[in-house]
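Working notes, structure below.
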Amino acid sequence: MTRLRLSSVVTALLAGFVSVSRGFSVTGPRTLLVVEEETKELFQTLIGDLEARGFQLDIRSAKSESLNLFQHEERAYDNIVIFPTKLKGLGPNLQSSSFLNHATAGGNLLILLPSSSEGNIPSAITELAGQVDVFIPPKGFSVVDHFDTADEEHTTLLVDLPTFPDNTKNYFASGDDPSAKILYKGAGLAIGNSPLVQPILTAPRLAYSYDAKEASSYADDESVFSAGQQLALVAGVQTRNSARITFVSGGDIFADASFTKVAKTNKMTANRAFAKDVTAWTFKETGVLNVDVVEHWGVEFGPNIINGDVYRIKSDVTFSIGLSEYKYDHFEPYTVPETDALQLEFTMLDPYYRIPLAPATTKLGLQGTYKNSTVYTTTFRTPDQHGVFTFAVNYKRPFLSNLLEKRAVTVRHFAHNEWTRSWGISGSWPWIGGIWVVVVGWIAFVGVWLWSKPVAPAAAGKKKQ
Amino acid sequence: MASVKPSFFKDPASTQSIRGILRVVILLTIAAASISSRLFSVIRFESIIHEFDPWFNFRASKYLVKHGFFDFWNWFDDRTWYPLGRVTGGTLYPGLMVTSGAIWHMLRMISLPVDIRNICVLLAPGFSGLTAFATYLFTLEMKDSSAGLLAAAFMGIAPGYISRSVAGSYDNEAIAIFLLMFTFYLWIKAAKLGSAMWGGLCALFYFYMVSAWGGYVFITNLIPLHVFVLILMGRYSGRIYVAYSSWYALGTLASMQVPFVGFLPIRTSEHMAALGIFGLIQLVAFVDYLRGQVPSKQFNTLLRALVILIAVVAFSGLVLLTVTGVIAPWSGRFYSLWDTGYAKIHIPIIASVSEHQPTAWPSFFFDLNFLIWLFPAGVYLCFRQLRDEHVFVVVYSVMASYFSGVMVRLMLTLTPIVCVAAAIAVSAILDTYLEIDSPEEPDPDAAETKKAKKAKESPLPTGGFLSSKAPYIGIYSITSKIAVVGAFSVYLVLFVLHCTWVTSNAYSSPSVVLASRMPDGSQHIIDDFREAYYWLRKNTPYDAKVMSWWDYGYQIGGMADRTTLVDNNTWNNTHIATVGKAMASGEAVSYEILRKHEVDYVLVIFGGLLGYSGDDINKFLWMVRIAEGVWPNEVQERKFFTPRGEYKIDHEATDTMKNSLMYKMSYYNYQNLFPPGQAQDRVRGAKLPAEGPVLHTLDEAFTSENWIVRIYKVKDLDAFGRDHFAARAFEGGKKKTRKGGLAGRAAGKRGRRVVRV
């Protein structure tokens with residue numbers, strides 16, 4: 001018990017120390033930029049902004065032979081940015097499988113696809129996209145919108161900042177001006193039904209992506225790749241181990257050229273702020289949940305015995321979990337959106353209970369030491385079923401890192417001395433009374449028998465028998 | 001005319017003390033022989049717990065000495081039957097563990113801190129000595145001390161009993177057979193003397209027996225049967241009444257204190273016979289009393305009618321209660337005692353256990369040798385005298401003979417009575433033929449003396465058959481004496497040789513460690529099981545869950561100390577069927593089950609390389625059958641057979657067979673051991689397909705030296721949301737296999753548009 005407490009304190013201190021000393025991405029600062037010299041010139045601001053946020057940039061060409069994503073079987077980089085390239089292939093060290101291994105090891109990827117319909121898409125990228133249920137149109141496609149464009153060819157779009165339903169936190173509209181538009185030019189993406197992939201920015205309702213070369217005069221059903229809200233411009237994938245892969249279908253969205261004023265409205269585009277949001281999310285500077293503390297105890301004993309292994313059936317148990325969220329350089333208490341709920345499951349094969357967790361009003365146990373977390377708590381009665389149960393908090397929301405906290409505990413049966421005693425059950429009184437009547441009656445009978453003097457002749461007859 | 005001068009040795013009065021000492025010495029020698037013959041396994045192998053169930057008993061004993069009695073009583077075991085757990089304290093017979101725990105504490109008290117494992121290993125041999133003593137006492141009541149000593153010697157070394165009591169065979173039977181014999185001895189004593197004290201002692205040991213072994217039901221039914229037969233023979237007496245009433249009342253109340261038994265004695269059909277006889281004997285006693293008071297013959301008839309009427313009413317009441325479900329109907333195990341085919345059809349889980357199979361005839365001779373043909377002779381001799389206790393032997397013989405023919409494991413209950421009966425027969429023969437003096441010429445006086453002496457030596461009772469009262473007829477010819485005695489000496493020597501041979505060769509293998517012979521005749525130990533269990537213990541997290549077929553549950557729990565899904569305590573058929581389904585289904589279905597039960601490792605036994613025939617592929621059909629019993633639509637036994645109805649694992653195997661998880665785990669990578677196309681399964685004697693099975697959802701984690709134990713790790717969900725088949729296909733280089741749909745469009749081809757919802 002004491003050991004448990006001490007270790008969690010140490011962990012908390014360590015976590016605090018590490019986060020203070022680092023001050024950037026949760027994954028880490030080592031960032032690889034795969035970019036050719038001529039392309040690099042176009043993204044000076046983005047690169048500068050990343051450097052300013054504390055990322056250690058390693059700018060390499062895809063052709064570089066010494067480039068290796070793994071060193072001594074450990075991830076060599078925390079984050080990778082692939083810039084648009086004219087190359088057809090990325091070389092032997094940047095294969096789709098090496099990207100997958102990088103993400104499996106917890107590293108993040110930001111992939112900028114070419115904006116020009118003539119740009120090459122390396123096969124490694126296409127394969128990687130196919131594995132995570134993202135689909136990139138072939139060469140020659142571009143998104144057009146005939147109603148709200150910024151150029152003659154209708155291929156440069158002005159897109160609103162992304163909006164999401166109430167129960168999803170928006171990490172991609174942190175700019176000062178919420179009405180600012182994003183300047184976009186690219187081919188778009190289609191995404192499948194995998195729950196791991198989320199569209200960050202979708203095309204306007206009337207935009208569509210089609211093969212401008214094949215069907216330059218008009219677009220029919222065959223030549224249209226995807227359209228409207230189904231057409232994603234920027235898509236984010238969060239793997240099961242919470243590594244992040246973001247596909248930006250028009251890489252120029254983050255180029256210096258896009259950080260200008262829109263001619264029509266004479267307002268600054270939202271691109272620069274959007275670039276910051278997308279890189280921050282991809283490199284895990286935002287949207288990272290942390291479980292600071294998980295505590296459960298039996299109400300009978302209070303928080304004296306915390307996180308014990310055994311509970312009894314039909315006993316009251318309190319469970320609480322402290323959550324915080326990372327925001328660029330610090331953790332702050334995480335609050336569940338009002339239209340959403342954080343739930344606790346008490347599971348053995350199937351959930352026996354699914355209970356909403358509410359923010360705690362008073363902090364008990366160790367929770368007081370976690371200033372930067374919101375403690376959610378609930379008290380419930382264990383079911384009348386013994387077995388190995390699991391406290392499970394399964395909170396997986398778009399753009400938030402996956403939270404699956406499981407604590408297995410044993411729920412045992414009543415011990416032999418925990419049942420109500422016989423005299424405590426009113427139904428047993430007649431039987432208990434019966435026993436005592438027999439006992440007393442027998443003793444009385446024996447007494448009477450011994451003390452009563454038999455009549456002499458009868459006694460002789462008895463003895464013989 | 002005292003012509004016959006009593007020799008020194010034949011004078012009972014002068015040799016009494018010497019006889020007493022001799023008896024003690026002989027009994028001690030028998031105990032020593034029975035203990036030492038059970039130590040073969042320790043000498044050949046090592047001091048190790050054997051087989052399957054003993055591993056659980058051992059683990060429970062360790063828990064008992066570590067946590068104390070009350071924690072043991074309330075033990076909820078969360079390391080088995082994951083995630084259901086098992087209320088172990090309430091579902092085991094604690095007698096064995098409590099006995100060894102008590103011995104452990106006692107030895108500590110006298111400053112002998114012995115490891116609990118050594119107590120567990122040596123408990124069975126120790127108790128076999130006591131069993132021999134109990135058999136001596138029992139036979140003493142039947143005939144005389146010479147028969148008793150013979151019975152004790154037989155019991156000490158009979159293979160039928162040794163099979164369950166060698167050192168390391170730490171099972172309930174280890175102490176139960178002693179308790180069985182001792183309870184019977186006390187019962188005979190109580191019935192003979194009509195003493196409530198002996199009845200109470202009998203009840204006390206009956207309670208010990210109930211706490212030690214499920215086979216106590218044999219006692220529960222045999223004693224009432226004995227009483228019932230006596231009543232039918234018109235031998236009702238006050239002695240029987242006192243003995244039975246005190247035994248039943250005290251014994252039943254005591255037995256209900258064992259948590260696992262609880263209210264069974266008043267709720268199940270197996271116990272109803274004892275209750276019925278208890279009622280009947282009250283009635284008979286009442287009628288007997290009335291008959292003493294009322295001499296009228298008509299009234300007697302009326303009373304008999306009354307007794308019959310009440311018995312009929314009680315019986316129909318019993319039937320009614322059983323039908324309405326107040327009294328639990330006969331359990332499946334019970335039905336399988338009457339119909340040997342019952343279990344195979346209705347309860348495959350019982351039929352799948354080898355010790356529940358009907359006994360093969362040779363095994364009677366194998367386990368009992370010459371005792372088996374002396375057995376009827378001994379029973380016949382009991383008929384000749386037929387006192388109350390002889391009726392017991394007869395009843396016991398009939399019942400045990402039948403049951404031992406139905407189930408192999410019940411050979412164990414037959415063995416004691418065979419030893420007793422055979423000892424009675426042998427001692428009767430020796431009594432007759434070992435008389436050194438030939439009888440003199442027929443002389444009324446001499447015959448008289450002889451008779452008197454005979455009566456003194458072994459006081460024959462009055463009553464019984466006429467033949468038993470026949471005048472003493474002696475054996476006159478020295479030749480016939482020498483021939484018969486010589487023949488029996490040879491039989492006895494052969495018996496000892498046979499017992500020693502059987503014990504050392506057949507019953508001393510721990511089955512955890514296998515022994516084989518090298519070409520040069522030296523012994524080679526195959527230790528794959530312990531190697532694998534130890535790997536699990538050292539290389540997996542403490543809370544890892546291991547799935548295997550239930551046979552290995554206790555061993556994994558005992559040796560590897562890891563959580564198991566099912567084990568040899570087969571209390572939950574559905575859970576076992578779930579494991580069977582996981583083994584018998586394709587990977588996609590199995591993976592769901594494995595994930596749901598949070599399985600980390602899967603363990604299979606594979607004997608194909610070594611020719612170890614007790615492996616999982618040979619048990620596989622039972623898994624299929626048990627799973628089919630629960631999910632008849634998803635698992636079908638028929639699909640595992642070729643169209644010609646053969647069970648094949650080679651290229652003729654059905655697709656269902658080849659795709660099942662069990663087949664894949666058994667033969668994964670197996671073909672790499674052989675030159676291409678030469679892979680051979682030495683158990684089934686079949687050549688395997690050149691291409692081995694491919695596993696998608698499991699990784700091979702460990703394979704033991706001789707490939708007997710193979711352990712697989714269950715893969716985690718794919719990080720990128722793909723299924724394992726697609727992920728593997730991608731890793732295998734098929735990077736553009738996905739056709740149609742969005743992927744087709746992305747590849748510039750026509751394809752159906754999939755709308756994301």
Side-chain angles (χ1 to χ4, degrees), chain A residues 96-97 100 103-104 123 126-141 190-197 199 211 221-222 224-226 229-230 232 237 239-241 243 245 309-310 347-350 385-390 406 408-418, chain B residues 69-91 257 259 543 545 563 575 578 593 596-598 716-723 726-727 729-738 741-751 753-757:
Chain A
S96 55
S97 54
L100 287 176
T104 309
S123 59
T126 322
E127 284 165 17
L128 171 68
Q131 293 303 310
V132 294
D133 229 10
V134 170
F135 303 98
I136 303 168
K139 197 171 166 181
F141 277 69
I191 56 181
N193 271 316
S194 164
L196 302 181
V197 48
D211 191 343
D221 184 49
E222 288 303 314
V224 169
F225 179 67
S226 192
Q229 298 284 312
Q230 288 290 322
V237 178
T239 63
R240 284 196 208 278
N241 57 341
I245 307 172
D309 296 328
V310 181
T347 306
M348 182 176 77
L349 291 181
D350 301 306
Q385 167 70 51
H386 50 69
V388 182
F389 280 82
T390 307
K406 284 181 167 184
V409 291
T410 304
V411 176
R412 64 168 171 85
H413 59 298
F414 277 101
H416 72 282
N417 52 2
E418 285 174 339
Chain B
F69 181 73
F70 283 105
D71 274 353
F72 178 67
W73 187 358
N74 295 320
W75 185 17
F76 181 80
D77 192 354
D78 51 7
R79 315 256 316 142
T80 58
W81 293 94
Y82 186 85
L84 308 172
R86 175 183 169 195
V87 186
T88 312
T91 56
Q257 307 309 310
D543 59 352
K545 288 100 196 166
T563 309
H575 215 53
T578 308
I593 299 174
K596 189 175 181 188
H597 290 80
E598 295 174 49
D716 209 350
L717 283 175
D718 182 62
F720 303 98
R722 306 167 292 183
D723 61 38
F730 177 77
E731 281 155 22
K734 296 176 189 162
K735 297 188 175 172
K736 284 169 189 165
T737 44
R738 294 173 72 150
L742 283 169
R745 281 198 171 259
K749 298 188 186 95
R750 298 175 63 172
R753 207 173 274 125
V754 178
V755 175
R756 181 181 164 93
V757 283

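Here is the naming used below: chain letters follow the sequence lines, and residue numbers restart at 1 for every chain. Below, all heavy atoms of this structure are taken into account, side chains as well, without hydrogens, waters or symmetry copies.
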Counting heavy-atom pairs under 4.5 Å with chain B, the top scorer among A:V197, A:V237, A:V310, A:N417 is A:V197
Below 4.5 Å from any heavy atom of chain A, which atoms of [X] appear? Answer side chain, backbone, both or neither.
{"X": "B:F720", "answer": "both"}
{"X": "B:W81", "answer": "neither"}
{"X": "B:D716", "answer": "neither"}

Matching residue for A:H416 among B:F76, B:W73, B:F69, B:F72 - test: ring pair (Phe, Tyr, Trp, His ring centres under 6.0 Å) = B:W73
Side chain, backbone, both or neither of [X] within contact of chain B (heavy atoms, under 4.5 Å):
{"X": "A:I245", "answer": "side chain"}
{"X": "A:V411", "answer": "backbone"}
{"X": "A:L196", "answer": "side chain"}

B:T91: what forms a side-chain hydrogen bond (donor to acceptor under 3.5 Å, both in side chains) with it, not counting sequence neighbours?
-> B:R86
Could you tell me which residues satisfy side-chain hydrogen bond (donor to acceptor under 3.5 Å, both in side chains) with A:N241, sequence neighbours excluded, listed by chain and number?
-> A:T239
Do the side-chain N and O atoms of B:D78 and A:T410 include a donor-acceptor pair separated by under 3.5 angstrom?
-> yes
Does B:T88 offer a backbone N or O that forms a donor-acceptor pair with the side chain of B:D77 under 3.5 Å?
-> no
Which of parallel (below 30°), tilted (30 to 60°) and perpendicular (above 60°) describes A:F225 and A:F141?
-> perpendicular
